[in-house]
Amino acid sequence: MYKELSMERGQAESDDVRKRTSLQTSIPGGKHYRTFTSLDWQKGAHLIVTDTPRQPAQRIWSTSARGIAITELARVSLQKSTVINTERTYRIVKAAVMNSAKLYSSASEMQHRDAAEAISRHVGAMTWLDDGAETVLDVGCGSGEVTRRLLLPVLPATGRIVAVDASEAMIRFASVRHRHPRLSFRTMDILDPHLKETFPHGFRKVFSFFCLHWVREQRIAMKNIHDLLMPEGEALLVFLASSPIFDVYEHMASSPKWSKYTKDYENYISPYHHSKTPTQDLKNVMIDVGFQVLNCETRDRVFVFNEFQQLKDAVKAVNPFLDRVPRDMHEEYLSDFLLESKKLKTKVQVNNGKLSAKYQLFEVLVKRVK
Ligand SMILES: C[S@@+](CC[C@H](N)C(=O)[O-])C[C@H]1O[C@@H](n2cnc3c(N)ncnc32)[C@H](O)[C@@H]1O
């Protein structure tokens with residue numbers, strides 16, 4: 001059943017993984033769960049399962065996944081491979097996170113506008129300590145503009161922010177660009193099963209803007225946010241429920257020209273994108289993990305890109321596939337992206353060289369009860 005395990009990030013790690021995995025694959029059934037928990041040191045890994053080493057990946061099991069996220073999926077695949085008695089290759093590759101920090105910092109007007117609105121709508125309604133000595137967490141801070149320019153100014157004067165992101169490139173950029181005595185930046189994956197050990201005191205507030213649609217394992221992420229809060233602590237989470245950009249990812253994934261670069265496109269689509277009841281779905285997740293839901297809404301939003309270059313930059317800044325497309329095909333990819341966008345008549349309109357996109361945004365305010 002177990003054939004080979006290789007990594008793209010160094011032999012030492014690969015040997016380590018191979019040892020642990022071969023040890024555990026000899027134990028049937030649920031014990032596999034523990035196998036892959038032991039991989040949680042492997043930050044932001046994907047687990048790709050193929051039927052033979054030479055075949056392209058059949059499925060990428062998890063995005064920016066670690067620990068439990070990988071664990072559950074790996075257990076399923078291992079059990080399945082026992083049943084059908086097929087050799088399988090497990091390949092761990094680097095995390096899929098956003099890395100275009102500089103571009104994102106200048107091409108994220110839409111995200112900044114929406115974050116600013118959500119902050120002004122909800123931060124005043126949150127409960128703040130009288131002495132203001134709060135340290136809050138910002139999950140998926142990216143290049144740090146929202147953290148520094150929008151969140152820090154609304155905190156009490158002594159408030160501090162720990163801003164985290166799964167992308168090392170983002171954290172490197174943010175910690176230089178937004179150095180500030182009340183800010184600290186560090187790499188962290190919200191799916192990490194050991195967050196409580198990293199932050200034993202927890203936070204009175206958690207914020208997250210335009211990050212959580214990247215996370216397919218919603219329950220794990222929301223449970224982690226819950227557990228990171230102190231009792232009575234609150235979280236304001238703002239992220240995409242649906243967007244035409246996800247429709248374009250889907251369409252391009254079925255195009256012969258682009259499909260080979262976008263096989264894992266499902267990992268980059270909001271888990272609620274096709275839901276007819278996104279608000280209720282998200283509310284259910286929040287209640288299941290123990291939150292009291294103070295506000296959960298899906299807002300219909302429109303953003304107007306004044307020129308195509310602005311749209312291209314915005315797409316480039318968040319697009320997870322472009323890095324895999326040969327550089328001399330980038331312009332062609334972006335042109336096709338634009339063409340596909342224009343076909344989405346109910347969601348995208350073009351007038352006088354301006355393109356307006358309709359999308360849906362979650363704004364969620366929740367409280368940890370105990
Ligand atoms: C679109 S940016 C948002 C940045 C900033 N919050 C803003 O509103 O402009 C999303 C960020 O989430 C990060 N991210 C994605 N998955 C993550 C995860 N599992 N844990 C932590 N950060 C993650 C990405 O690396 C990226 O920097």
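Just so you know, these numbers use all the heavy atoms, side chains as well, and skip hydrogens, waters and symmetry mates. Just so you know, ligand 1 is whichever comes first in the structure, and atom 1 is the first atom listed for that ligand. Numbers here simply count residues along the sequence, with the first being 1.
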- [ ] May I ask whether Cys141 has any heavy atom positioned less than 4.0 angstrom from an atom of ligand 1?
- [x] yes
Open item on the list: For Glu363, is there an ion pair with Arg121 - N to carboxylate O distance below 4.0 angstrom?
Closed with: yes
Open item on the list: Between Asn295 and Glu297, is there a side-chain donor-acceptor contact under 3.5 Å, judged purely by atom types and distance?
Closed with: yes
Task: Charged N-O contact under 4.0 Å between Glu117 and Arg301 - done: yes
Open item on the list: Nearest 0.5 Å, please: how far is CZ in Phe173 from OG in Ser100?
Closed with: 11.0 Å
Task: ligand 1 atoms in contact with Gly142 (distance to a heavy atom under 4.0 Å) - done: 4 (C), 27 (O)
Task: More than 12 heavy atoms from other groups under 6.0 Å of CZ on Arg179 - done: no
- [ ] May I ask you to check whether Tyr268 and Phe321 place their ring centres under 6.0 Å from each other?
- [x] yes
Open item on the list: Considering both backbone and side-chain atoms of Gln111, is one of its nitrogen or oxygen atoms within less than 3.5 Å of a nitrogen or oxygen in ligand 1?
Closed with: no
- [ ] Report, in ascending order of atom number, the atoms of ligand 1 lying under 4.0 Å from any heavy atom of Ser167.
- [x] 25 (O)
Task: Aromatic ring proximity, centroids under 6.0 angstrom, Phe239 and Phe362 - done: yes
- [ ] Using a strict 4.0 Å cut-off to heavy atoms of Gly140, name the atoms of ligand 1 that fall inside it.
- [x] 3 (C), 4 (C), 5 (C), 6 (N), 11 (C), 12 (O), 22 (N)
TODO: For ligand 1, note which part of Val215 has a heavy atom under 4.0 Å away: side chain, backbone, both or neither.
DONE: side chain
Open item on the list: Could you check whether any heavy atom of Val318 sits closer than 4.0 Å to an atom of ligand 1, since that is the contact criterion I want to use?
Closed with: no
Open item on the list: Measuring from atom 20 (N) of ligand 1, which candidate in Ile190, Val238, Leu150, Asp114 has the nearest non-hydrogen atom?
Closed with: Ile190
- [ ] Answer yes or no: does an N/O atom from Asp189 fall short of 3.5 Å to an N/O atom of ligand 1?
- [x] yes
Open item on the list: Please classify the Phe209 to ligand 1 contact at 4.0 Å (heavy-atom distances, strictly less than): side chain, backbone, both or neither.
Closed with: both
Task: ligand 1 contact by Met188, heavy-atom criterion under 4.0 angstrom - done: yes
- [ ] Would you indicate which of Ala166, Pro320, Ala163 comes nearest to atom 17 (C) of ligand 1 when only heavy atoms are counted?
- [x] Ala166
Open item on the list: What I want to find out is whether Glu232 reaches Arg368 closely enough, with some N-O distance under 4.0 Å, to be called a salt bridge.
Closed with: no
Open item on the list: I'd like to know if the side chain of Glu109 pairs up with that of His112 as donor and acceptor (distance under 3.5 Å, no hydrogens or angles considered).
Closed with: no
- [ ] Select the closest option to atom 27 (O) of ligand 1 among Leu151, Val146, Asp165, judged by heavy-atom distance.
- [x] Asp165
- [ ] List every atom of ligand 1 that sits less than 4.0 Å from any heavy atom of Met170, numbering the atoms from 1 in the order shown and giving each element.
- [x] 27 (O)
